[in-house]
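As structure tokens, the structure follows; a few thoughts come after it.
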Amino acid sequence: FPDRYIDISMTIYGKGERLLLMRDTTRIKQLEQMRQDFVANASHELKTPLTVLKGYLESILDFGEDLPPAFQKALGNMNNQTQRMENLVNDLLVLTRLEAEVQHSVRQRVNVAELLESIAQDARDLSQDRDHRIEVRIDSEAALQGDPKELRSAVSNLVYNAVNYSPDGSHIQLQWHESTAGGFISVRDDGIGIDSRHIPRLTERFYRVDPSRSSERGGTGLGLAIVKHILQHHQGHLDVSSTPGKGSVFTCCFPADRVLPVTQPSTVSGD
Ligand code: ADP
């Protein structure tokens with residue numbers, strides 16, 4: 001069937017009987033492609049006017065102290081909202097790119113301890129005023145085979161969520177451990193936790209347990225969808241366990257063949 005997508009499955013019953021099912025999924029694939037193209041194009045078109053708006057706002061804010069207080073307040077709010085829109089557009093662009101890539105080719109050796117230390121340091125710098133204690137625990141030195149930018153983005157998303165959904169001054173731990181089953185990066189917080197009924201839906205686009213809380217903290221609702229796709233690119237998955245009122249553990253699980261011994265040089269840079 002040239003130019004058509006056909007899903008084929010076979011069920012084998014006893015006595016050599018077989019059921020062969022063929023389903024033409026071309027239309028579904030085409031609609032999905034149209035959705036992805038639309039989101040990518042719309043996000044791209046929004047990027048330029050947003051950049052211009054931000055530029056003007058920043059120039060006006062430079063004269064902030066000469067403006068009447070009501071104007072200063074309005075401009076401050078406009079600046080925050082423009083920043084939110086910019087975060088949203090950027091996340092949408094990242095997500096559509098990730099969704100479009102079926103075969104992912106970047107395979108570099110990423111030193112796990114260096115990666116986690118560097119993410120923890122960025123998070124400490126960014127959340128200074130909230131006094132979180134962010135610690136890294138490495139059970140055994142190792143490297144991961146994968147895309148350094150994507151791995152950084154996945155773990156950073158989890159760490160910023162941990163900061164956002166836990167009280168000031170609380171403890172956040174980034175941990176690496178290995179077993180015969182594979183390699184695991186977990187991000188543990190002592191925050192608000194998540195009721196079990198929400199857990200299966202957390203990685204859906206725009207799914208939020210508490211929409212007002214998420215927007216208040218600058219969330220786009222796309223972070224965990226991005227994490228899911230990055231882990232799929234690495235043949236891994238996300239595991240979530242949580243107790244409301246006590247905290248959560250988000251674990252990036254990687255298959256054993258992605259875990260390598262540590263050798264130099266390594267790549268952890270997000271550039
Ligand atoms: P958002 O930008 O809203 O944080 P995410 O996709 O990153 O979007 O997360 C989806 C939802 O999952 C969040 O809105 C929040 O309700 C919940 N969530 C994510 N991480 C945590 C966490 N560490 N503790 C409690 N809730 C969390």
Side-chain angles (χ1 to χ4, degrees), residues 3-5 25-62 74-108 110 119 122-123 126 146-161 163-164 201-208 211-236 238 252 267-271:
D3 302 328
R4 301 206 76 79
Y5 292 95
T25 56
T26 312
R27 188 73 192 130
I28 298 173
K29 292 267 179 352
Q30 282 169 344
L31 288 172
E32 174 60 16
Q33 188 59 49
M34 277 163 67
R35 183 193 66 76
Q36 282 180 14
D37 291 348
F38 173 77
V39 177
N41 292 336
S43 315
H44 212 83
E45 290 300 321
L46 284 168
K47 225 179 140 72
T48 316
L50 263 175
T51 313
V52 176
L53 261 178
K54 252 193 96 181
Y56 279 123
L57 267 172
E58 275 161 15
S59 321
I60 301 173
L61 279 167
D62 284 345
L75 283 169
N77 286 341
M78 282 165 78
N79 202 32
N80 289 344
Q81 296 303 326
T82 324
Q83 187 57 55
R84 268 187 68 194
M85 266 207 268
E86 196 178 36
N87 292 345
L88 181 58
V89 166
N90 286 338
D91 275 1
L92 275 171
L93 283 169
V94 169
L95 190 57
T96 37
R97 184 182 53 76
L98 287 168
E99 284 175 336
E101 278 178 35
V102 183
Q103 277 287 325
H104 193 64
S105 53
V106 181
R107 279 182 179 243
Q108 292 179 26
V110 183
I119 292 171
D122 285 352
L126 271 171
D147 182 327
K149 273 193 204 164
E150 288 198 354
L151 291 172
R152 169 179 284 272
S153 161
V155 181
S156 300
N157 261 304
L158 299 179
V159 175
Y160 293 120
N161 276 349
V163 170
N164 277 339
R201 301 197 57 192
L202 288 181
T203 57
E204 288 175 20
R205 296 177 213 106
F206 298 117
Y207 188 83
R208 287 144 160 154
S212 57
R213 189 164 197 154
S214 159
S215 325
E216 202 179 281
R217 286 156 197 248
T220 63
L222 295 174
L224 293 180
I226 291 176
V227 174
K228 178 181 98 173
H229 278 89
I230 292 178
L231 295 181
Q232 280 175 355
H233 279 174
H234 293 77
Q235 287 74 49
L238 182 68
C252 305
T267 313
V268 293
S269 144
D271 305 327

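The OG1 atom of Thr96 sits 8.5 Å away from atom CZ of Arg35, with the distance rounded to the nearest 0.5 Å. Between the CG atom in Leu158 and the CG atom in Leu224 there is a gap of 6.5 Å [rounded to 0.5 Å]. The CG atom of Leu75 sits 11.0 Å away from atom CG of Asn80, with the distance rounded to the nearest 0.5 Å. Of the inter-residue distances, the one linking Glu86 atom CD with Asn90 atom CG reads 5.5 Å to the nearest 0.5 angstrom. Here the CG atom belonging to Leu238 is positioned 10.5 Å from the CD atom belonging to Gln232, to the nearest 0.5 angstrom. Note that the OH atom of Tyr160 and the CG atom of Asp122 stand 5.0 Å from one another [nearest 0.5 Å].
Not one N or O on the side chain of Arg152 forms a donor-acceptor pair closer than 3.5 Å with the backbone of Asp147. A donor-acceptor pair under 3.5 Å links the side-chain atoms of Asn157 to the main chain of Ser153, judged by distance alone. Side-chain atoms of His233 come within 3.5 Å of backbone atoms of Glu101 as a donor-acceptor pair (strictly under, hydrogens ignored). In this structure a side-chain-to-backbone donor-acceptor pair under 3.5 Å is present from Thr26 to Tyr5. Side-chain N or O atoms of Arg205 include none that pairs as donor or acceptor with a backbone N or O of Leu95 at under 3.5 Å.
Qualifying side chain to side chain donor-acceptor pair (under 3.5 Å) partners for Lys29, counting only residues two or more places apart in sequence or in other chains: none.
Around atom CD of Glu45, no more than 12 heavy atoms belonging to other residues, nucleotides or ligands sit under 6.0 Å away.
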If you apply the rule side chain to side chain donor-acceptor pair (under 3.5 Å), what do you find for Asn87 with Gln83, and how did you get there? CA-CA 6 Å; Asn87 292 345; Gln83 187 57 55; 3.1 Å; yes
